[in-house]
Amino acid sequence: MQKIIIGNWKMNPSTLEEAQALFDAIKNGIGKNSNVVICPPYVYLPLLKGLTLGAQNVSDKEKGAFTTQISAAILKDLGVKYVLVGHSESRQYLKETNEIINEKIKECLRVGLKPILCIGEDDGEDKIKVLESEITEALGGISEEQLKDIIIAYEPIFAVGTGKNCSIEETKTSVGIIKDCLAKIYTQNVADQMRIIYGGSVNSQNAKEYLENANVQGLLPGGASLKPEEFIKIVESV
Ligand code: PGA
């Protein structure tokens, strides 16, 4: 399976000029690499051209009187291909529940966007319990066929934006738990085919080791995706 690198810019940079410069630097550095996705803030999406784009969130509603929200159809029309769904920062600050995340996934799939379902426990939480409930509830009603368009991002909360990345061993264990859970809901074969990626303080120093030894098929760097040189090195480690 081809590995994928997804850069999450979060709420950065602060000006369009900087966003364009960052995007161009990445584009020039990686050439025609189709396995790279950039997730900038919504407003930059229609302006950045030449790399695969992802959004950082999406509404769970189809259309209508939902002031401030952005629908899957709007994103699709802008040429967006992927959407981060259930990122820990959206769960925390926007109080998103697994039920809402499930609706968002369904909306993405309905219009033909690929959801990247972010899951992960915090320090001190019961890993198995958190991962199982996040997977089971977020994927409720999703068929085996639909699952092929979904990526699961394992992003333990303690590792996101902290500089304290999850160890390779622990990441491998978590990926195993995610696969066991998918095998229970679907089949072992489905679980084996699922694209699972890792995110949480990924940088150019640790990227290669995850890709080679943590049983993941991609990475989701946040902070490192704002530094072109770092991000390009991460892409080159595939
Ligand atoms: P980080 O962010 O790489 O800055 O930890 C990861 C993410 O938010 O997906």
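Atoms within a ligand are numbered from 1 in the order they appear, just like the ligands themselves.
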Practice task
May I ask you to say whether Glu145 pairs ionically with Lys148, meaning some side-chain N is under 4.0 Å from a carboxylate O?
Solution key: yes
Please tabulate protein-ligand N/O pairs under 3.5 Å for ligand 1, atom names and distances to 0.1 Å.
residue  : atom  : partner : partner atom : Å
ligand 1 : 2 (O) : Lys10   : NZ           : 3.2
ligand 1 : 3 (O) : Ser201  : N            : 3.4
ligand 1 : 3 (O) : Gly222  : N            : 2.8
ligand 1 : 4 (O) : Gly223  : N            : 2.8
ligand 1 : 5 (O) : Gly161  : N            : 2.6
ligand 1 : 5 (O) : Ser201  : N            : 2.7
ligand 1 : 8 (O) : Asn8    : ND2          : 3.4
ligand 1 : 8 (O) : Lys10   : NZ           : 2.7
ligand 1 : 8 (O) : His87   : NE2          : 2.7
ligand 1 : 9 (O) : His87   : NE2          : 3.2
ligand 1 : 9 (O) : Glu155  : OE1          : 3.1
ligand 1 : 9 (O) : Glu155  : OE2          : 2.6

Problem - Ion pair check, Arg110 and Glu107, cut-off under 4.0 Å - result: yes
Practice task
Decide if atom NZ of Lys61 counts as having more than 12 heavy atoms of other residues, nucleotides or ligands within a radius under 6.0 Å.
Solution key: yes
Exercise for the section: Report the residues that fulfil side chain to side chain contact (heavy atoms under 4.5 Å, CB included) with Glu99, sequence neighbours left out, ordered by chain and then residue number. Expected result: Thr97
Practice task
Output yes when Lys3 and Glu212 qualify as a salt bridge under the 4.0 Å nitrogen-oxygen rule, no when they do not.
Solution key: no
Practice task
Step through the shown structure and confirm whether more than 12 heavy atoms of other residues, nucleotides or ligands are within 6.0 Å of CG on Leu47.
Solution key: yes
